[in-house]
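Every chain is numbered from 1, with letters handed out A, B, ... down the list of sequences.
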Amino acid sequence: MHKQKIHRRILDKITEKLLTLSGALTSIIIVFISVFLFTEGIGLFNTPDIEEGYALYVNSENRIDNLSPEETKQIFDAEVTSWKAFGGEDVAINVFRLDAIFNFYSENELGENYELLPEKLGEVISREKGIIAFLPNEYAPQGLQVRKLETATVTLEDYFLGTDWIPTATPAPLFGVLPLVLGTLLVSFGAMIIALPLGLGVAIYLSELAGNRERKLMKPLVELLAGIPSVVYGFFGLVIVAPLVQKAFNLPVGETALTGSIILAIMALPTIISVAEDAMRNTPLGMREASLALGATKWQTIYKVVIPYAKSGISAAIVLGIGRAIGETMAVLMVTGNAAVMPTSFFESVRTIPATIAAELGEAPAGGAHYQALFLLGAILFVFTLIISVSAELISKKRHS
Amino acid sequence: MIEAKNIDFYYGNFQALKNISMKIEPKTVTAFIGPSGCGKSTFLRIFNRMNDLIKDTQMEGECLINGQNIYDKSINIDNLRKDVGMVFQKPNPFPKSIFENVAYGLRVNNMGDKSFIGQRVEESLKDAALWDEVKDKLNKSAYELSGGQQQRLCIARALAVKPSIILMDEPASALDPISTSKIEELIHNLKNQYTIVIVTHNMQQAARVSDNTGFFMLGELIEYSNTKKMFLNPEKETTQNYITGRFG
Ligand SMILES: Nc1ncnc2c1ncn2[C@@H]1O[C@H](COP(=O)(O)OP(=O)(O)OP(=O)(O)O)[C@@H](O)[C@H]1O
Ligand SMILES: [Mg+2]
């Protein structure tokens, strides 16, 4: 007897410790992930804003001493053709990349192992007043008339307010996340506009109006919806919803923000329905009876008593739904068309943060600027979900008191 | 005037009320007593058709209130329930402010404008002997009140719509002695204006507050008479045994 008691006690202690440990472990993992995202990503702001191992050179008479990534892109895409645009002289810009050297010199003239290349590059740059040369550091041009442009690092402004996401552009990749952030918000917002009324409606139906038989039929169906892998939703969106959207709104392509919102809404529905329904069914019978006993109708009872009573559960349902929508990757990747441009309407292709990370992380070299930019995107996503859950917490607390 | 005629009530196959007839005079307090499970609550809930909410039940017989059969098809149940208020065993205020709890019945029945509602809320809280305790925190959540205060709030809530009948199902069973005596005092004062039917397990309470008492057992109304007579000189032996605590 006594021995058994001691065993029990030890077992209890061990269970208790294990539970504490797993709680602590979970918190540590969450903290670790967020710290990891930030530390991996934050290096971006120490990274030169042009491709690593390269530099830009101009003729020393050029008055420009630095260019933003945006300006560099405009030059190399020939969108700007005169130095005047950036405050220089009215001289035509002459873009020069390494292989253009063969327009000036034959292979023989550059030496057997290109040992004469820096010197010759220097000569070219010295000759051309409007030149801008994008050259690897190992062939850094030599000459009196050559000036290396100061390299700046990627700024917070470039990243958070930049409107172009072109991470593979040379010489200066553009990491403006605004289109991705807005794309994510737009698609999620649209999804919630569709999913909330629908989901809460179904939840009300299931908890208040449906008979036992209907509920027994619908509940498993809803749960089944939750179990379908997101790729399958993606297929469905691609093959069914996208063409429908295209036809209905007479659009050039069906892969739009709206298509993403519809698919996300369908995916968020099961969560919203089951969490909200649970919350409403948990409203004590006494509360409903009290309302009906005062002469309230069934509907008055639902929206004046049941819903207010269940509101923290309902806001949990909303938060979980938004969380699902904001974080969802695969399906959105498949149906939104993935154009990283500033979204202006629901009827255009957009690209979301998770889709970007999933699509690009594989080809971004570890530790490089692109890689860091993607990690920061992850951190932004993390902050979004944090804000949503904290505000939901605050709302339900405030309403309760 | 409530008049129940030959009421049978079934939960599925189980007969919970057996051929019960009873007349209740206006502006009296009637107590229902009897052992647990004998059908007191079921019978009480006949009067405001609360049993309609329970699936798979069946009722036979008639129940007239002021001469009208409340189970007639032409009856509007919401209006009936407005006229027949109910206070439950467990205090069940809504997740709203104290003021909104009392105003609830007025609002759902579209009774009166803002100033009327404010006035009715104050009157009801005064009638429920709660006004002095809550007048400075009408906008606070009803859940900040004690159990006894919550129950008086539920009474105020029932009074606000000016019912003619108030049903109380063990309204003090979850409360401490002081709160209980406050509720009893309240019932005593309300008698001038309302017809009150109260279910209680507490013999002394029945004796203290009621004019008439009905004693139920196993779904039957064993004895129904003036409370004094019932407690001093019951007709049936079972009643005598129950009252003196020999069983139940
Ligand atoms: N919802 C229900 N479904 C099935 N049977 C029920 C239901 N409610 C009550 N009963 C049964 O009907 C009988 C009478 O119940 P009722 O609640 O009216 O008793 P009561 O006298 O109020 O008891 P108590 O003093 O314990 O409240 C009991 O046998 C009970 O088991
Ligand atoms: Mg009862």
Taking side chain as everything from C-beta outward and backbone as N, CA, C, O, which of these in [X] sits under 4.5 Å from a heavy atom of chain A? Side chain, backbone, both or neither.
X: Pro93(B); result: backbone
X: Val84(B); result: backbone
X: Arg49(B); result: neither
X: Tyr104(B); result: side chain

So, taking the atom named [atom1] in [X] and the one named [atom2] in [Y], what distance separates them when rounded to the nearest 0.5 Å?
X: Asn48(B); Y: Leu292(A); atom1: CG; atom2: CG; answer: 10.0 Å
X: Ile54(B); Y: Leu285(A); atom1: CD1; atom2: CG; answer: 8.0 Å
X: Asn109(B); Y: Leu294(A); atom1: CG; atom2: CG; answer: 8.0 Å
X: Arg288(A); Y: Leu53(B); atom1: CZ; atom2: CG; answer: 10.5 Å

> Glu328(A): what forms a salt bridge (Lys or Arg N to Asp or Glu O under 4.0 Å) with it, not counting sequence neighbours?
Replying inline: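 Salt bridge (Lys or Arg N to Asp or Glu O under 4.0 Å) list for Glu328(A), sorted by chain: empty.
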
For the [atom1] atom on [X], are there more than 12 heavy atoms of other groups (residues, nucleotides or ligands in this structure) within a distance under 6.0 Å?
X: Glu214(A); atom1: CD; result: yes
X: Tyr11(B); atom1: OH; result: yes
X: Lys137(B); atom1: NZ; result: yes
X: Lys135(B); atom1: NZ; result: yes
X: Asn192(B); atom1: CG; result: yes

>> I'd like to know which of Arg107(B), Lys96(B), Lys90(B) tops the heavy-atom pair count under 4.5 Å against chain A.
In response: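 Answer, by heavy-atom pair count under 4.5 Å with chain A: Lys96(B).
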
> In terms of heavy-atom pairs under 4.5 Å, which option from Gln89(B), Lys140(B), Arg157(B), Met86(B) contacts chain A the most?
Replying inline: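 The answer is Arg157(B).
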
Restricting to non-hydrogen atoms, name the atom on [X] and the atom on [Y] that form the minimum distance, rounded to 0.1 Å.
X: Gly295(A); Y: Val108(B); value: C-CG2, 4.4 Å
X: Ala290(A); Y: Phe88(B); value: CA-CE1, 3.7 Å
X: Pro308(A); Y: Pro95(B); value: C-CG, 4.3 Å

>> Between Arg45(B) and Glu289(A), does the salt bridge (charged side-chain N to carboxylate O under 4.0 Å, His left out) criterion hold? Intermediate values first, please.
In response: CA-CA 11 Å; Arg45(B) 291 159 61 100; Glu289(A) 287 192 334; 2.8 Å; yes

> Which bit of Ser291(A) comes within less than 4.5 Å of chain B, counting heavy atoms only: side chain, backbone, both or neither?
Replying inline: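 Both parts, backbone and side chain.
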
> Quick one: do Glu100(B) and Lys304(A) make a salt bridge, cutoff under 4.0 Å?
Replying inline: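 So Glu100(B) does not pair with Lys304(A) through a salt bridge.
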
> Sequence neighbours excluded, which residues qualify as side-chain hydrogen bond (donor to acceptor under 3.5 Å, both in side chains) partners of Thr385(A)?
Replying inline: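 side-chain hydrogen bond (donor to acceptor under 3.5 Å, both in side chains) check on Thr385(A) returns nothing, list empty.
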
